[in-house]
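See below for the structure under consideration.
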Amino acid sequence: MIAAKVIDNIWSTRKADSLRGLKFMLVEVLGGIDAGRFIIAADTIGAGIGERVIVCNGSSARKMLDRDDVPIDAVIVGIIDEDCAF
């Protein structure tokens with residue numbers, strides 16, 4: 001899992017059928033060797049722009065959706081509390 005900051009919404013009017021109904025967000029990785037890297041992550045918890053979030057990636061991300069047929073590599077799984085230091 002990684003910590004990231006939500007930068008913006010990703011709008012996609014045309015996408016694979018297995019991705020319909022999913023909301024996508026552009027997030028920026030915070031800290032570590034990938035700091036500053038941008039990732040598109042599915043948002044299943046309703047994170048907002050500017051919030052710091054926990055992102056699960058890889059095959060674990062697909063398991064968060066309870067569907068193995070979805071081509072997802074990153075999912076927002078938590079919102080970091082404001083009082084946590086970075």
Side-chain angles (χ1 to χ4, degrees):
M1 290 191 290
I2 59 171
K5 182 178 180 180
V6 178
I7 303 299
D8 207 351
N9 294 305
I10 296 290
W11 298 101
S12 177
T13 55
R14 297 184 66 185
K15 53 190 165 190
D17 289 341
S18 61
L19 298 176
R20 289 203 179 151
L22 292 175
K23 175 183 168 189
F24 294 99
M25 304 296 272
L26 179 67
V27 300
E28 181 180 6
V29 176
L30 300 173
I33 61 172
D34 289 327
R37 184 175 139 214
F38 292 101
I39 298 173
I40 296 173
D43 179 17
T44 60
I45 61 169
I49 295 171
E51 289 188 297
R52 292 180 298 164
V53 295
I54 301 168
V55 177
C56 182
N57 53 8
S59 62
S60 298
R62 272 192 311 280
K63 291 181 183 196
M64 288 301 303
L65 301 175
D66 291 325
R67 292 177 46 202
D68 287 336
D69 65 332
V70 180
I72 293 292
D73 190 38
V75 175
I76 297 172
V77 297
I79 296 174
I80 298 172
D81 293 332
E82 289 298 318
D83 60 352
C84 292
F86 241 112

Sequence neighbours excluded - side chain to side chain donor-acceptor pair (under 3.5 Å) pairs with any residue from residues 2-17: Asp17-Arg20
Closest non-hydrogen atom pair between Ile10 and Met25, with its separation: CG1-C, 3.9 Å
Among Asn57, Val77, Val55, side chain to side chain contact (heavy atoms under 4.5 Å, CB included) partner for Met1: Val77
Hphob cluster co-occupancy, Ile7 + Ile80, side-chain heavy atoms under 4.5 angstrom: yes
ILVMFWY cluster, Val29 and Leu26 together (side-chain gap under 4.5 Å): no
Joint hydrophobic cluster, Ile2 plus Val53, side-chain heavy atoms closer than 4.5 Å: yes
Results of side chain to side chain contact (heavy atoms under 4.5 Å, CB included) for Leu22 - residues two or more places apart only: Leu19, Phe24, Leu65, Val70, Ile72
Name every donor-acceptor pair, under 3.5 Å, that has one atom in a side chain of residues 37-49 and the other anywhere in the protein, sequence neighbours excluded.
residue, atom, partner, partner atom, Å
Arg37, NH1, Asp34, OD2, 3.4
Asp43, OD1, Ile45, N, 3.1
Asp43, OD1, Gly46, N, 3.1
Asp43, OD1, Ala47, N, 3.3
Asp43, OD2, Lys23, NZ, 3.4
Asp43, OD2, Ala47, N, 2.8
Thr44, OG1, Ile76, O, 3.4

